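Everything numeric here is computed off the predicted structure, so don't read it as measured data.
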Amino acid sequence: MMRREIVLLVLALVLVVPATPVVAENSVYGNPEVSLSVSDDTFKASEAATLSVVASNDGRIQQGGPAQYEEKIKTAQNVRLTVLEDQIDAPIDVKTGTIVRGSIPGSSTSTFDFNVEIGNATPGTYDIPVRVEYKHVRAVTYSDTEQPEYIWSTIDERKDVTITVEDRPQFDVVSEGNNAVFAGDTGSLSFTLENTGTRTANAASVQLSTQSGSLYFGSPSNAQGETSLYVPTLDPGETTTVSAQVGAGSETSPGEYPVNAVVSYENQNGVTEQSDTLTTGVQVRPERSFELRDVSTENFRVDENEARINATVVNTGPGDARNVAVQLGQTSTVTATNGESSVGDLAVGESAPVSFTVTIPASAEPGTNTFPFTVQYENADGDVRTTDTPIRKSISIGPERDPFTVTNVSTGVSPGGSDSVTVGIRYNGAEPVSATNAKIFVSDPISTSDDGAYLGTMQPGETTNATFTVSAGSGALTKAYAASIEVRYDDTDGDTKYTDGLPIGIPVSPSSGGLPVPLPVIVVAVLVVAGGAYVLYRRR
């Protein structure tokens, strides 16, 4: 134990005495060597950029030993880098705080990215102070019989990295004109260009380009995807107005379209250089726009051949439209039988009614569906245009309506008796039907000896009474018993159709007046009594 204390004392002296240490047995010592550099040290004034600081660890061993101990000694742990913004002698704002990395082993690097904003800095070189913090194992003592012991050190130091702010012209778009053009027309693109750099740009050429195939420079007959404008000279702080003719195809969708500008110029050595890409824009306004308002429907339900959509089309501008027609787009739900409605000329703000008829099949599902509508019109040159974006409207399809409904059931049938049943049948269709027959279906204890009724021709909305004869068994209770009516009819095309069973209830009511006992029972009782009297008479 005394020997280990001597070793630790020697190591402690090694850490504080800069002379060559006395080598202790079973000990390893050394330290990491962290240095800083910048991966890209060239920046521009007045830009947001990333300062990438590279931390390199060239750890060294002063006295070696087992590899695992040497690796621990060379590793910088819990590495933290902070750019000391308040100590920078330049208009540089640091937007990133302290960055922490876990560990940097020996012979390794790690990159720390700081977001910075460089103001109007004078061209030249600048030192950027960086605070470097980490901890590491300074020494390890070990033996074959005891656990190793570690001596730790903490490093907190300042290191500088150097960056360069270039001396060069720079450009910026400082204001824009009213850069708007109607689809199918031409207009002017203008903006003010400023040299925000530190050197004069000579023989400058501003190259304008657009990435949209429907936006062009020049006239429609000589449309170009790019154009170039010449600026003889532009001193630092000087501005110039740049303008060019720009147009948009008639099918161009409304919106903002970017225009790129790149400035080529000669530097002080006569070498041609290029600026970063600047961006301005052109607003393309629609040639025409329309709205569909007050949408309503008629007979819009499943299994309808003449369902109708009614609406009002409005020209919302910005120009008048000639020979306007509204079209119902294709859907998988309905089939248009009249899918176009023409309304003639519409000035800005004017409106006109439109209507469409469709067939809704029996396979359609009730519910809300989206229907697209497009508008066709002629521009001032007589060219036919179609709106690019359909007007989409949500319209509900109602459930299939039964062509017939039961309106009233009337009967006076009682247990053990028979009576007529009168059923009111209403026709709900849109066209007259003929050869209409009604049939009643009943079940025990209700029976019928007359289950059919001829109704003949029925008009839309007409109600006709169907009369049947029914009987109630003697054991029937006084309540309503389920039954149904089926209607057979011929439509206007001569096709015979059948309805599903229309449910009704047949009420069985108590007998009113008359004999309290059913007639057959009375007859049997009379015969029994008469037979008995006859037997007594013969015996006398």
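- Residues I485 and A438 come closest through the heavy atom pair CG2-CB, 4.1 Å.
- The neighbour count for Q211 CD, taken as heavy atoms of other residues, nucleotides or ligands under 6.0 Å away, does not exceed 12.
- Between P254 and V284, every side-chain heavy-atom pair lies at or beyond the 4.5 Å cut-off.
- No donor-acceptor pair under 3.5 Å is formed between the side chain of T240 and the backbone N or O of L193.
- Remark: the backbone N or O of T469 is paired with a side-chain donor or acceptor of T448 at under 3.5 angstrom.
- Rounding to the nearest 0.5 Å gives a distance of 10.5 Å between OG1 of T457 and CG of L455.
- S108 and I104 make their closest contact through O-CG2, 3.6 Å (heavy atoms, listed as atom of the first residue, atom of the second, distance).
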For this session: Go through the steps for N369 and I395 under the test side chain to side chain contact (heavy atoms under 4.5 Å, CB included), then give the verdict.
Result: CA-CA 5 Å; N369 291 262; I395 302 176; over 6 Å; no
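- Relative to the six-membered ring of F404, R426 misses at least one condition, a distance below 6.0 Å or an angle of at most 45° to the axis.
- For the atom pair I506 CD1 and K479 NZ, the distance stands at 13.0 Å (nearest 0.5 Å).
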For this session: Could you walk me through whether E298 and N310 pass side chain to side chain donor-acceptor pair (under 3.5 Å), step by step?
Result: CA-CA 8 Å; E298 299 175 25; N310 302 312; 2.9 Å; yes
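- At a threshold of 4.5 Å between non-hydrogen side-chain atoms, the residues D345 and Y377 do not count as touching.
- Two residues are said to be in side-chain contact when any heavy atoms from C-beta on lie closer than 4.5 Å; F290 and V314 fail this criterion.
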Exercise. Stepwise, does the side chain to side chain contact (heavy atoms under 4.5 Å, CB included) test hold for E486 with L502?
Worked result: CA-CA 6 Å; E486 180 185 88; L502 306 176; over 6 Å; no
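- In summary, of the residues considered (V262, T277, N260), a side chain to side chain contact (heavy atoms under 4.5 Å, CB included) with S209 occurs for N260 alone.
- Defined by atom type and a distance below 3.5 Å, a donor-acceptor pair is present between the side-chain atoms of D113 and S52.
- G429 and P460 get closest at one heavy-atom pair: O-CB, 3.1 Å.
- A307 and I360 get closest at one heavy-atom pair: CB-CD1, 3.8 Å.
- With hydrogens and angles disregarded, no donor-acceptor distance shorter than 3.5 Å links the side chain of D402 to the backbone of T405.
- Side-chain N or O atoms of D320 include one that pairs as donor or acceptor with a backbone N or O of V348 at under 3.5 Å.
- With hydrogens and angles ignored, the 3.5 Å screen pairs no side-chain donor or acceptor of Y216 with any backbone N or O of S212.
- By the neighbour-count criterion of 12 heavy atoms within 6.0 Å, atom CG of D495 is densely surrounded, having more than that number from other residues, nucleotides or ligands.
- In plain terms, the two heavy atoms of L229 and S243 that are nearest each other are CD1-O, 3.5 Å.
- When every heavy atom of F114 is checked against every heavy atom of F112, the shortest pair comes out as CD1-O, 3.6 Å.
- To the nearest 0.5 Å, the span separating OG1 on T50 from CG on N115 amounts to 5.0 Å.
- For the residue pair S228 / S205, a side-chain donor-acceptor distance below 3.5 Å is found, with atom types taken as modelled.
- At distances below 3.5 Å, at least one donor-acceptor pair connects side-chain atoms of T499 with backbone N or O atoms of V487.
- Exactly one residue among V206, L234, D276 makes a side chain to side chain contact (heavy atoms under 4.5 Å, CB included) with F171. That residue is L234.
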For this session: Take E85 and D93 through the test side chain to side chain contact (heavy atoms under 4.5 Å, CB included) and record every step on the way to the result.
Result: CA-CA 7 Å; E85 179 182 348; D93 292 333; 3.4 Å; yes
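- Side chains of N305 and T359: no donor on one and acceptor on the other come within 3.5 Å.
- Salt bridge annotation for E47-K44: absent, with no cationic side-chain nitrogen under 4.0 angstrom from a carboxylate oxygen.
- Ring pair Y498/Y489: centre-to-centre distance not below 6.0 Å.
- Side-chain contact between V354 and L292: present, with at least one pair of heavy atoms (C-beta onward) separated by less than 4.5 Å.
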Problem set entry | Step-by-step side chain to side chain contact (heavy atoms under 4.5 Å, CB included) determination, F468 to T411 | CA-CA 10 Å; F468 313 94; T411 182; over 6 Å; no
Exercise. Would S289 and T316 count as a side chain to side chain donor-acceptor pair (under 3.5 Å) if you check the C-alpha gap in whole Å, the side-chain angles of each, and the deciding distance to 0.1 Å?
Worked result: CA-CA 6 Å; S289 66; T316 55; 2.6 Å; yes
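- Note that the CG atom of L328 and the OG atom of S355 stand 11.5 Å from one another [nearest 0.5 Å].
- With 3.5 Å as the limit, one finds a donor-acceptor pair spanning the side chains of E176 and T280.
- By the neighbour-count criterion of 12 heavy atoms within 6.0 Å, atom CD of Q330 is sparsely surrounded, having that number or fewer from other residues, nucleotides or ligands.
- Counting only distance, with no hydrogens or angles, the side chain of R401 and the backbone of N299 share no donor-acceptor pair below 3.5 Å.
- Under a 3.5 Å cut-off, the side chain of K393 and the backbone N or O of V295 do not form any donor-acceptor pair.
- Applying the salt bridge (charged side-chain N to carboxylate O under 4.0 Å, His left out) rule to E291 yields the partners R293; only residues at least two apart in sequence or on another chain are considered.
- Going from atom CZ of R392 over to atom OG1 of T374 covers 11.5 Å, rounded to the nearest 0.5 Å.
- In this structure, F356 has its ring center closer than 6.0 angstrom to the ring center of F373.
- Judged by distance alone, the side chain of T436 and the main-chain N or O of G456 form a donor-acceptor pair under 3.5 Å.
- For T357, the side-chain contact (heavy atoms from CB on, under 4.5 Å) partners are E306, R308, T337, N338, not counting sequence neighbours.
- Looking only at side-chain heavy atoms (C-beta outward), V508 and L477 stay at 4.5 Å or farther from each other.
- The side-chain heavy atoms of F371 and V334, taken from C-beta on, include a pair separated by under 4.5 Å.
- Panel note: side chain Q170, backbone A45; a donor-acceptor pair is recorded below 3.5 Å.
- Annotation: side chain of T98 is not in contact with side chain of L81 (no heavy-atom distance under 4.5 Å).
- Between the OG atom of S275 and the CD atom of Q207 there is a distance of 11.0 Å, given to the nearest 0.5 Å.
- No side-chain heavy atom of T464 sits under 4.5 Å from any side-chain heavy atom of Y427.
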